[in-house]
Amino acid sequence: MRAPPAAAAAAGFNSPWTLAIRAAADQGRPRRAVALYLSSLRASHRPCPFALAAVLKSVPRLPAHDARPAAASLHAHLLRLGLLSHPYPHAALAHLYSRLLPAHAPDLLDGAPALRRHSLLVASNSLLASRLRAGDIPAARALFDTMPARDVVSWNSMVAGLAKAGHLDEAIELFGQMPERNAASWNALLCGFIAQGQLARARELFERMPVRNNVSWITMISGYSKAGDVQAAADLFERMESKDLYAWNAMIACYAQNGCAQEALGIFNRMMKPHVWVLPNEKTFSSVISACSQLGDLTFGLWVESFMGSVGVELDDHLRTALVDLYTKSGRMDRAFDLFRGLRMRDLVSYSAMIVGCGMHGKLSEAVGLFKEMSDAKIDPNAVTFVGLLSAYSHAGLVEEARACFASMSSKYRINPTVEHYTIMVDLLGRNGKLDEAFQLIMQMPMRPHASVWGALLLACRLHTNVELGEIVASKCFELEPEETGYYILLGNIYAQAKKWEKVKRLRNLMVERGLSKVPGSSWVQVA
DNA sequence: GTAGGGTTAG
């Protein structure tokens, strides 16, 4: 933490209230920061400009719909108190508006108070950051080159901005020229390597950085997480000395996003232990709910929902969407619809979650209605949306509609069908007796057909007792998943239905030969 | 006060 300029080192800069508010803002607990500020007002009758500056810092971290009203009321509050021209709250407010309404960013430099040198530097840094956030590297560069003074924050912003925009060489060059470096400077480079997918290089840098802070660790952990290296992420997490909320959230998200739902809940439980006890926030619960959904653990999900209320976490749109996903997967469609209707803003993710849910539960007209509503709202669908829509048609057995929908993906929406879309189509065509068309579709797939695609067709061959195609398809399945006995059973069922007892016997011998014999014999004839 | 970390969908 930079010391305040001598003149500003007035009482209040490091008062307990200010420190607590600043800490809450830095820990990503904006609501707590606001609550603390309100308490500070009640506790002392003299409002403190430094406390105000600290609370303003937390406003951009509030949920989007709360940030603007909060900014407006704090602005009015400043005016009423006559503190608008105090350099600290003024700079904080200017910065805040630059984040919420970036178009107004140039206003940052015509300050209401006569800006002293250091305040001018802070304001310039805000403007620089705002140009970098907008991705306008030339404008940022121009400002950086003409700034009368630069401090480590200016350099850090520039290095981070260049690195994230993919100009790694320039970032490294600038980093080399820095007159002074702190942990954030190293983090800026680290972040750049990770953004470019250079994990090994990032790790090397991480290991030889002279200073590391929690941000460095978490940047590295989430880098591994995005690269799917869960083990590397977990190893780093365990090595961390003081795990803050961001660290716990990063690890829970890592597990949840990489399909390790059980482990995600395990980490959450650890953080809830009395001797650890870190107060969770919205991000924590997003990942936890996603893990519950993957596990289909409705009971735990319901507990989480009520627990959120008890720790004062508000149900925002992200959380609602995560819950929509959980409830649709658990078959609680009414509850899911209620949550969906309560969204402040419906977006691609929430529409897709709901459409997929409708698809899973055969609610065709709802799925189609939602898709239309979403198109009317000018929200472009993505591959997930079509998984939902296609499975809705598939459930209803509407071959013609599904074909048209599938074709429109690439022709109208420029979305390449994935294995999953092909699987749904193959399953639908197959179940409706269009075995040849399904087979042709698999042959046309631009990617390598996964066993599940062939498996869907094999199921259809059983349904329609097609021995000839069934044998071809089964051989593909055996090849792709040699350990999976289910395909042998399906083929056996086809033979049995066709009364090809000789083939049944030969298949059983084949299974014994391949060491797959521990299958109850009864399942062969069950369907016959 | 300005830089830097975690965010939901099949």
Candidate nucleotides [options], ranked by approach to the side chain of [X] - the nearest:
{"X": "A:D151", "options": "B:dA3, B:dT2, B:dT8", "answer": "B:dT2"}
{"X": "A:R61", "options": "B:dA9, B:dG1, B:dG6", "answer": "B:dG6"}
{"X": "A:N182", "options": "B:dA3, B:dG6, B:dT8", "answer": "B:dA3"}
{"X": "A:A353", "options": "B:dG5, B:dG1, B:dA9", "answer": "B:dA9"}
{"X": "A:V349", "options": "B:dA3, B:dG6, B:dA9", "answer": "B:dA9"}
{"X": "A:S352", "options": "B:dG5, B:dT7, B:dA9", "answer": "B:dA9"}
{"X": "A:D325", "options": "B:dA9, B:dG4, B:dT8", "answer": "B:dA9"}
{"X": "A:A160", "options": "B:dT7, B:dG4, B:dA9", "answer": "B:dG4"}

Whole angstrom is fine here: how far is it from [atom1] in [X] over to [atom2] in [N]?
{"X": "A:W186", "N": "B:dG5", "atom1": "CH2", "atom2": "P", "value": "18 Å"}
{"X": "A:L127", "N": "B:dG1", "atom1": "CG", "atom2": "C1'", "value": "15 Å"}
{"X": "A:M147", "N": "B:dA3", "atom1": "CE", "atom2": "P", "value": "12 Å"}
{"X": "A:M178", "N": "B:dA3", "atom1": "CE", "atom2": "P", "value": "15 Å"}
{"X": "A:L190", "N": "B:dG6", "atom1": "CG", "atom2": "P", "value": "11 Å"}
{"X": "A:N281", "N": "B:dT8", "atom1": "CG", "atom2": "C1'", "value": "14 Å"}
{"X": "A:L62", "N": "B:dT7", "atom1": "CG", "atom2": "C1'", "value": "15 Å"}
{"X": "A:L96", "N": "B:dT2", "atom1": "CG", "atom2": "P", "value": "10 Å"}

Compare side-chain N and O positions of [X] against OP1 and OP2 of [N] and report whether any pair is under 4.0 Å apart.
{"X": "A:Q257", "N": "B:dT8", "result": "yes"}
{"X": "A:S293", "N": "B:dA9", "result": "no"}
{"X": "A:R22", "N": "B:dG1", "result": "yes"}
{"X": "A:R150", "N": "B:dT2", "result": "no"}
{"X": "A:K243", "N": "B:dG6", "result": "no"}
{"X": "A:S222", "N": "B:dG6", "result": "yes"}

Mind checking if [X] touches a base, just sugar-phosphate, or nothing, with heavy atoms under 4.0 Å?
{"X": "A:K57", "answer": "sugar-phosphate"}
{"X": "A:N214", "answer": "base"}
{"X": "A:A188", "answer": "nothing"}
{"X": "A:K226", "answer": "sugar-phosphate"}
{"X": "A:Q27", "answer": "nothing"}
{"X": "A:R133", "answer": "sugar-phosphate"}
{"X": "A:S391", "answer": "nothing"}
{"X": "A:R99", "answer": "sugar-phosphate"}
{"X": "A:A184", "answer": "base"}

Please confirm whether the ring centroid of A:F193 lies under 6.0 Å from the ring centroid of A:F206.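 Aromatic pair excluded; centres sit 6.0 Å or further apart.
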
Ring centres under 6.0 angstrom apart (A:W155, A:F144):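 Distance test on ring centres: under 6.0 Å, yes.
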
A:R181 to A:F175, cation-pi by 6.0 Å centre distance and 45° axis angle: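 Ring-cation test returns yes.
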
Nearest heavy-atom pair of [X] and [Y]: which atoms, and what distance?
{"X": "A:P280", "Y": "A:M271", "value": "CA-CE, 3.9 Å"}
{"X": "A:Y224", "Y": "A:L236", "value": "CE1-CD1, 3.7 Å"}
{"X": "A:L326", "Y": "A:S330", "value": "O-OG, 2.7 Å"}
{"X": "A:A33", "Y": "A:V55", "value": "O-CG2, 3.8 Å"}

Can you find a donor-acceptor N/O pair under 3.5 angstrom joining the side chain of [X] to the base of [N]?
{"X": "A:H118", "N": "B:dG1", "value": "yes"}
{"X": "A:H95", "N": "B:dT2", "value": "no"}
{"X": "A:N382", "N": "B:dA9", "value": "yes"}
{"X": "A:D244", "N": "B:dG5", "value": "yes"}
{"X": "A:N187", "N": "B:dG5", "value": "no"}

Without hydrogens or angle criteria, can the side chains of A:T385 and A:S352 be said to hold a donor-acceptor pair below 3.5 Å?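 Result is yes, a qualifying pair exists.
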
Are side-chain N/O atoms of A:S216 and A:N187 paired as donor and acceptor at under 3.5 Å?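 Their side chains do contain a donor-acceptor pair, which is all the 3.5 Å distance test asks for.
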
Please walk me through it: do A:V153 and A:L128 pass side-chain contact (heavy atoms from CB on, under 4.5 Å)? CA-CA 10 Å; A:V153 174; A:L128 182 65; over 6 Å; no

When you measure from every atom of DNA chain B, which of residues 336-346 of chain A have a heavy atom less than 4.0 Å away?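 Contacts with DNA chain B under 4.0 Å: none.
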
